[in-house]
**Q** 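Handing you a structure now.
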Amino acid sequence: MERHDFGFDATGPNGGSVCFEPLTPVAFLRRSAVVHRDRPAVVDGDDQWTYGELWDRARRLAGLLRSRGVEPGDRVAAVGSNSQLLLLAHYAVPLAGALLVPVNVRLSVAELAYIVDHSGARIVLADRELADLAGEVAAAASGGPAVLAEDEVEAGLASATPSEEPVVAETAPLSINYTSGTTGRPKGVVYHHRGAYLQALAMAFHNELRADSVFLWIVPMFHCHGWCLTWGVTAAGSLHLCQRKVDPAEIWRHVRERGVSHAAAAPTVLTAMAAHPDAAPPSRPIRITTGGSPPSPALLSRLAELRVDITHAYGLTESFGPVMLCEWHPEWDALDAAARARLKARQGVGNVIAQRPRVIDGGGHDVPADGETTGELVLRGNDVMLGYFDDPEATRAAQVDGWFKTGDVGVMHPDGYVELRDRSKDVIISGGENIASVEVEQAIAGCPGVLEVAVVGAPDDRWGERPVAFVTAEPGVEIDPAAVIAHVRNLIAPFKAPREVTVVEELPKTATGKIQKFLLREQLWTGQKRRIGT
């Protein structure tokens, strides 16, 4: 059949169509300000705003930023918790034509100052509780950014002139999200409007958000924009219920008093929720998306008793948050608990707007879909970053044949679902055998009394390295390390079992609740010539 171009010119900045409108996540608030104008949009403590008011406040904050010297293309950093101000900034900063730089408030002043300097932020927005921290960061930064704290914002909104800069191109930069920097200086991951728009829709779709949904903010908004749910919740017209500090007691209070229906949280938060004395089945079931290590069968069982349905997802800062999720098949409900847990622990398939993920070998070829052959997970598509800000070398190094290299080791199952076996840096090589720390952790997690676990490689004169475990105990429980080792040996190959189990009060974690294994490794490898898995 002869091909035709139909006489349209698609080479222009807007695709050649006068009806074309560049995609931007800000459009979701513009729409909800009409459709859901008088319905509650945000609750933060005693404060509450409708969607109509949120849209007005966002445009006024954009005008306030412009009056303070912010020009299109400038960067605005935000030192905020899960607050109304940080949520507002997700709309106001792009409305001002600037790039939002949400920072991890648990980093040190020196680390935060580096991010502010590296991004070239002109202004630092700050929650009222974090105004002093923002002041210290601004003082330590060489660029001399001004601080605009929450109370000052509120005082200036009434008289601010509403402003709205048009989005010229949907692939233009929207924000810069900095990685955790566990292996060096944090890298600035540049998001674009198109990716954030599509990812927000994917999150609203997969979480089944609706206008009567109540989304409790547990996952940090500063982490991948709360997995792009800062925009996805708005797209659905749902209620943003802000919680400025992660506290299991407060989570259960909100569940009881506000009818929470949705949330996103790290596995460590789920563990704390399930073990809290206030935990009780709510009148309304709760749907929670989680990332990181797969929830243990015991945790899934406990959460099911509490009417909490878990969706396991996978993503990185570079992929706008969850790029894959374990999409559930109704027929799996008929399986026994152990089988359901095994399926739910898989990272799954690409989300509705993602390209199909691949698992490749060292030569760049797809590994067999046998659930056994390991390779590196690679990604591409609309929900992959533009690149690392001001770091072309790192951007090039992160790609292979147009695919983003995640650094995660996994297998492809025959049904097309991906299951991660480990981070490439977390694989333990003992006597030439690869040991997946996740597999060992799953075995330990089922041991009575174990609350959390992390398995890393320790130096070994004979085998190169050996697996060791760090565990925390459930309240009031004493853990016998020998019993843990015996438990694991009954479940997996003996050579994979840890030879040492250390009981600790708390495991080191990132701001998003992920266990920082590199800190545990550093304890074990200090002074050693070789550092495997770092």
**Q** State plainly whether the residues Arg68 and Glu152 are in salt-bridge range, i.e. N to O under 4.0 Å.
**A**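 Answer for the salt bridge query: yes.
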
**Q** Could you check whether Thr289 and Asn207, counting side-chain N and O atoms only, form a donor-acceptor pair closer than 3.5 Å?
**A**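 The criterion, which ignores hydrogens and geometry beyond distance, is satisfied for Thr289 and Asn207.
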
**Q** Under the 3.5 angstrom rule, does the side chain of Glu170 hit a backbone N or O of Pro22 as a donor-acceptor pair?
**A** no

**Q** Would Leu54 and Val42 count as a side chain to side chain contact (heavy atoms under 4.5 Å, CB included) if you check the C-alpha gap in whole Å, the side-chain angles of each, and the deciding distance to 0.1 Å?
**A** CA-CA 8 Å; Leu54 183 60; Val42 186; 3.9 Å; yes

**Q** Do Phe389 and Lys187 come within less than 4.5 Å of each other through their side chains, counting heavy atoms only?
**A** no

**Q** Could you walk me through whether Asp38 and Thr50 pass the side-chain hydrogen bond (donor to acceptor under 3.5 Å, both in side chains) test, one step at a time?
**A** CA-CA 5 Å; Asp38 298 323; Thr50 65; 5.3 Å; no

**Q** Considering non-hydrogen atoms only, spot the tightest contact between Thr290 and Ala266 and give its length.
**A** OG1-C, 3.5 Å

**Q** Looking at Glu376 and Arg358, does any basic side-chain N land under 4.0 Å from a carboxylate oxygen?
**A** no

**Q** Going by ring pair (Phe, Tyr, Trp, His ring centres under 6.0 Å), His225 matches just one of Phe320, Tyr91, Trp231, Tyr197. Which one?
**A**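 Answer to the ring pair (Phe, Tyr, Trp, His ring centres under 6.0 Å) test with His225 among Phe320, Tyr91, Trp231, Tyr197: Trp231.
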
**Q** Is Arg346 salt-bridged to Glu419, going by a charged N under 4.0 Å from an acidic O?
**A** no

**Q** Would you say that Leu325 contacts His312 through its side chain, given a criterion of any heavy-atom pair below 4.5 Å between the two side chains?
**A** no

**Q** Distance check, rounded to the nearest 0.5 Å: Cys326 atom SG versus Gln347 atom CD?
**A**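 Cys326 SG to Gln347 CD: 8.5 Å, rounded to 0.5 Å.
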
**Q** Measuring only between side-chain heavy atoms, which start at C-beta, is Val43 closer than 4.5 Å to Leu239?
**A** yes

**Q** Under a 4.0 Å threshold between the charged nitrogen and the carboxylate oxygen, would Lys344 count as salt-bridged to Asp309?
**A**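 Yes, charged N to carboxylate O under 4.0 Å.
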
**Q** Does atom CG (Asp132) have a neighbourhood of more than 12 heavy atoms from anything else shown, all under 6.0 Å?
**A**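 Atom CG in Asp132 is not crowded, with 12 or fewer foreign heavy atoms closer than 6.0 Å.
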
**Q** Verify whether one side chain among Ser319 and Asp383 offers a donor that lies under 3.5 Å from an acceptor in the other.
**A** no

**Q** Under the side chain to side chain contact (heavy atoms under 4.5 Å, CB included) criterion, do Trp49 and Asp56 qualify, and how do the steps go?
**A** CA-CA 10 Å; Trp49 295 273; Asp56 179 65; over 6 Å; no

**Q** Is there a side-chain contact between Val70 and Val93, using heavy atoms and a 4.5 Å cut-off?
**A**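 Of all side-chain heavy-atom pairs linking Val93 with Val70, none is under 4.5 Å.
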
**Q** Roughly how far, to the nearest 0.5 Å, is CZ of Arg75 from CD1 of Ile115?
**A**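 CZ of Arg75 is found 14.5 Å from CD1 of Ile115.
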
**Q** Would you indicate whether Arg284, at its atom CZ, is surrounded by more than 12 heavy atoms from other residues, nucleotides or ligands within a distance under 6.0 Å?
**A**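 Count over threshold, so yes.
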
**Q** Report yes or no: do Ser142 and Asp117 form a side-chain donor-acceptor pair below 3.5 Å?
**A** yes

**Q** Can you confirm whether Leu377 sits close enough to Met324 that some side-chain heavy atom of one is under 4.5 Å from a side-chain heavy atom of the other?
**A** yes

**Q** Determine whether Gln84 and Arg57 satisfy the following criterion, side-chain hydrogen bond (donor to acceptor under 3.5 Å, both in side chains), listing intermediate values before the conclusion.
**A** CA-CA 11 Å; Gln84 65 87 18; Arg57 287 166 59 80; 3.0 Å; yes

**Q** Counting only heavy atoms from other residues, nucleotides and ligands, does the tally under 6.0 Å from CZ of Arg37 exceed 12?
**A** no

**Q** Decide side-chain hydrogen bond (donor to acceptor under 3.5 Å, both in side chains) for Thr234 and His240; before the verdict, give the C-alpha distance in whole Å, the side-chain angles of both, and the deciding distance to 0.1 Å.
**A** CA-CA 8 Å; Thr234 296; His240 294 269; 2.8 Å; yes

**Q** Start with the C-alpha distance between Arg194 and Asn382, add both sets of side-chain angles, then the distance that settles side-chain hydrogen bond (donor to acceptor under 3.5 Å, both in side chains), and finish with yes or no.
**A** CA-CA 7 Å; Arg194 177 183 178 86; Asn382 291 303; 2.9 Å; yes

**Q** Please work out which of the three classes, parallel, tilted or perpendicular, describes the rings of Tyr114 and His118, given edges at 30° and 60°.
**A** parallel

**Q** For Val189 and Ile176, run side chain to side chain contact (heavy atoms under 4.5 Å, CB included): C-alpha distance rounded to whole Å, both residues' side-chain angles, the deciding distance at 0.1 Å, then the answer.
**A** CA-CA 5 Å; Val189 177; Ile176 307 176; 6.0 Å; no

**Q** What heavy-atom pair brings Ala235 and Ser32 nearest, and what distance separates the two atoms?
**A**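 Of all heavy-atom pairs spanning Ala235 and Ser32, the closest is O-OG, 4.4 Å.
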
**Q** Between Asp247 and Lys245, is there a salt bridge with N-O shorter than 4.0 Å?
**A**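 No, this pair does not count.
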
**Q** For the atom pair CD (Gln243) and OG (Ser83), what is the distance rounded to the nearest 0.5 Å?
**A** 12.5 Å

**Q** Please determine if Arg396 and Asp391 form a salt bridge, counting it only when a charged side-chain N lies under 4.0 Å from a carboxylate O.
**A** no

**Q** Where is the tightest heavy-atom contact between Gly69 and Asp74, given as atom of each residue plus distance?
**A**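 Here Gly69 and Asp74 meet closest at O-OD2, 3.7 Å.
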
**Q** Test Trp217 against every option in Asn82, Val246, Leu86 by the side-chain contact (heavy atoms from CB on, under 4.5 Å) rule and name the one that passes.
**A** Asn82

**Q** When you measure from the side chain of Ser238 to the backbone of Val214, do you find a donor-acceptor pair of N or O atoms at a distance under 3.5 Å?
**A**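 Not a single qualifying donor-acceptor pair exists.
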
**Q** Do the side chain of Asp361 and the main chain of Gly364 share a donor and acceptor less than 3.5 angstrom apart?
**A**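 Yes; judged by distance alone, with no hydrogens or angles, the pair exists.
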
**Q** Evaluate the criterion side chain to side chain contact (heavy atoms under 4.5 Å, CB included) for residue pair Asn177 and Tyr191; output intermediate values, then yes/no.
**A** CA-CA 8 Å; Asn177 290 258; Tyr191 285 11; 3.6 Å; yes

**Q** Does a donor on one side chain sit under 3.5 Å from an acceptor on the other, for Tyr388 and Glu393?
**A** no

**Q** Go through it in stages, so that I can follow the logic: the residues are His413 and Tyr417, the test is ring pair (Phe, Tyr, Trp, His ring centres under 6.0 Å), and I'd like the CA-CA distance, side-chain angles, deciding distance and then a yes or no.
**A** CA-CA 5 Å; His413 284 278; Tyr417 277 57; 8.4 Å; no

**Q** So for atom CD, which belongs to Glu257, do other residues, nucleotides or ligands contribute more than 12 heavy atoms lying within a distance under 6.0 Å?
**A**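 Yes, enclosed.
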
**Q** What I want to check is whether the side chains of His206 and Asn351 have a donor and an acceptor closer together than 3.5 Å.
**A**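 His206 vs Asn351: no donor-acceptor pair found between side chains.
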
**Q** Looking at Arg106, is its backbone amide N or carbonyl O close enough to the side chain of Asn104 to form a donor-acceptor pair, meaning the two atoms are under 3.5 Å apart?
**A**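 Yes.
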
**Q** Taking 4.0 angstrom as the limit, do Arg66 and Glu71 come out as a salt bridge?
**A**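 Between Glu71 and Arg66 there is a salt bridge, with a charged N closer than 4.0 Å to a carboxylate O.
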
**Q** Is the closest basic N to carboxylate O distance between Arg244 and Glu150 below 4.0 Å?
**A**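 A salt bridge links Arg244 with Glu150.
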
**Q** Should Leu148 and Leu65 count as side-chain neighbours, where that means a heavy-atom distance under 4.5 Å?
**A** yes

**Q** Determine whether Leu174 and Val190 make a side-chain contact, defined as any pair of heavy atoms from C-beta on separated by less than 4.5 Å.
**A**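 No; the side chains remain at least 4.5 Å from each other.
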
**Q** Taking everything shown except Arg356 itself, do over 12 heavy atoms lie less than 6.0 Å from its CZ?
**A**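 Counting other residues, nucleotides and ligands, CZ of Arg356 stays at 12 neighbours or fewer.
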
**Q** Can you find a heavy atom in the side chain of Leu95 that is under 4.5 Å from one in the side chain of Arg59?
**A** yes

**Q** Regarding Arg128 and Glu154, does a basic nitrogen lie under 4.0 Å from an acidic carboxylate oxygen?
**A** no

